[in-house]
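Take a look at the structure below.
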Amino acid sequence: MNTVSRSALVAILFGALSIAQLAQAGDVQGKITATGLKSVGGIAVYIDAIPGKKFDRPTDHVSVDQRNMLFVPHTVVVLRGTTVDFLNSDQVAHNVYWPSVGGNKNLKHSLTIVSPGQKKSFEFDDLGAAQLLCNLHTDMLGYVVVVPTPYFALTGNDGIFTIKNVPPGTYTLKSWSEDGKPTRQSITVTDATTNVEVAIVSAK
């Protein structure tokens, strides 16, 4: 068998294996029940770190705009290593910063001034939530939630979420919310749909 044929065979086998793995994956569907929260929307739900499994840094960037004196979207969830582009669609300058990541104040960072029409980017390599603030407009507030796996979702206004294409296995499912206590629970995923319920109580 010549080199070209071997390469083609390897490519075919690799593609078939990837398709087979995807076919075996299942979805995790769930709903948030909350006590004392402002909303069940915008809550991050994700599969925690998987021992022995590493994920490549995403090549696609995620965008957070500053529009009408708001961070849009208010909350984004990203895989560790993702680059977030901070845009400014307002007609005034903003000074984007976060005082910590995951509560670690050593990870504070400032993008300094982001002028109208300008973009500044940052790669988030540390796990946890970064609270986005603006020195120039103290009412502005947003979040970047950095998670260890690509298996995550953000709840809709109804509290419902779907995490797609999770390989079968037993995992720790975690949640983060702006004003609720973080949660964790064990789930077992099969090649069918796994239904879960996540109960969150206020952090106050």
Side-chain angles (χ1 to χ4, degrees), residues 8-64 72-84 102 124-130 142-203:
L9 180 59
V10 168
I12 291 172
L13 291 175
F14 181 79
L17 179 60
S18 298
I19 293 172
Q21 290 175 336
L22 186 61
Q24 293 174 356
D27 293 347
V28 177
Q29 291 186 351
K31 182 176 177 62
I32 300 291
T33 59
T35 302
L37 271 63
K38 291 182 295 185
S39 172
V40 292
I43 295 175
V45 187
Y46 60 95
I47 301 293
D48 196 15
I50 302 171
K53 182 70 173 176
K54 294 184 178 180
F55 300 95
D56 294 335
R57 297 172 183 273
T59 55
D60 292 337
H61 292 196
V62 172
S63 294
V64 174
V72 182
H74 180 71
T75 301
V76 294
V77 188
V78 300
L79 174 64
R80 176 166 48 189
T82 297
T83 295
V84 177
F124 285 87
D125 290 323
D126 298 284
L127 297 175
Y143 295 92
V144 175
V145 184
V146 187
V147 299
T149 71
Y151 310 118
F152 59 80
L154 195 67
T155 61
N157 292 332
D158 54 4
I160 293 175
F161 65 89
T162 301
I163 304 174
K164 292 185 172 296
N165 299 324
V166 181
T170 298
Y171 306 106
T172 298
L173 183 73
K174 290 187 173 183
S175 73
W176 171 93
S177 56
E178 184 174 353
D179 56 347
K181 292 182 179 180
T183 67
R184 59 184 298 151
Q185 63 194 78
S186 179
I187 63 169
T188 298
V189 179
T190 67
D191 57 359
T193 298
T194 301
N195 294 296
V196 299
E197 184 171 299
V198 179
I200 300 177
V201 298
S202 172

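- A pairwise comparison of heavy atoms in Pro148 and Asp48 identifies CG-OD1, 3.6 Å as the closest pair.
- The two residues Trp176 and Ala129 have their closest heavy-atom pair at NE1-CB, 3.5 Å.
- Side-chain N or O atoms of Thr149 include one that pairs as donor or acceptor with a backbone N or O of Ile47 at under 3.5 Å.
- Between Leu37 and Ser177 the shortest side-chain heavy-atom distance falls below 4.5 Å.
- Residues Leu173 and Tyr46 are not in side-chain contact: their nearest non-hydrogen atoms beyond the backbone lie 4.5 Å or more apart.
- Between the side chain of Thr155 and the backbone N or O of Val40, at least one donor-acceptor pair lies under 3.5 Å.
- The distance from atom CZ of Phe161 to atom OG of Ser175, rounded to the nearest 0.5 Å, is 8.5 Å.
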- Chi angles and distances behind the side chain to side chain contact (heavy atoms under 4.5 Å, CB included) call for Thr194, Gln29: CA-CA 6 Å; Thr194 301; Gln29 291 186 351; over 6 Å; no

- Item | Steps toward side chain to side chain contact (heavy atoms under 4.5 Å, CB included) verdict (Val189, Tyr171) | CA-CA 8 Å; Val189 179; Tyr171 306 106; 3.9 Å; yes

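- In this structure the side chain of Val146 reaches within 4.5 angstrom of the side chain of Phe124, judged on heavy atoms.
- Around atom CG of Asn157, no more than 12 heavy atoms belonging to other residues, nucleotides or ligands sit under 6.0 Å away.
- Heavy atoms only, all atoms of each residue included: Ser63 and Pro73 are closest at O-CD, 3.9 Å.
- A 4.5 Å side-chain heavy-atom check between Ile187 and Thr170 finds every atom pair outside the cut-off.
- With a 4.5 Å cut-off on side-chain heavy atoms, Val147 and Arg80 do not count as touching.
- Ile43 places a side-chain heavy atom less than 4.5 Å from the side chain of Ile200.
- Judged as a salt bridge (Lys or Arg N to Asp or Glu O under 4.0 Å), the pairs with a partner in residues 159-172 (not counting sequence neighbours) are, in order, Asp27-Lys164.
- Using a cut-off of 4.0 Å between Lys/Arg side-chain N and Asp/Glu carboxylate O, Arg57 and Asp125 are scored as salt-bridged.
- The shortest heavy-atom contact between Val28 and Val196 is CG1-CG2, 4.0 Å.
- Contact record, Gln24 with Asp191: O-CB, 3.0 Å, taken as the closest heavy-atom pair.
- A distance of 8.5 Å separates CD of Glu197 from NZ of Lys31, quoted to the nearest 0.5 Å.
- Counting only heavy atoms from C-beta outward, the side chains of Glu178 and His74 approach each other to under 4.5 Å.
- Leu79 is listed as a side-chain neighbour of Phe55, based on a closest heavy-atom distance under 4.5 Å.
- Across every non-hydrogen atom of Asp158 and Ile160, the tightest pair is OD1-N, 3.1 Å.
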- Task: Applying side chain to side chain contact (heavy atoms under 4.5 Å, CB included), run through Asp60 and Thr83 and close with a yes or a no.
- Result: CA-CA 8 Å; Asp60 292 337; Thr83 295; over 6 Å; no

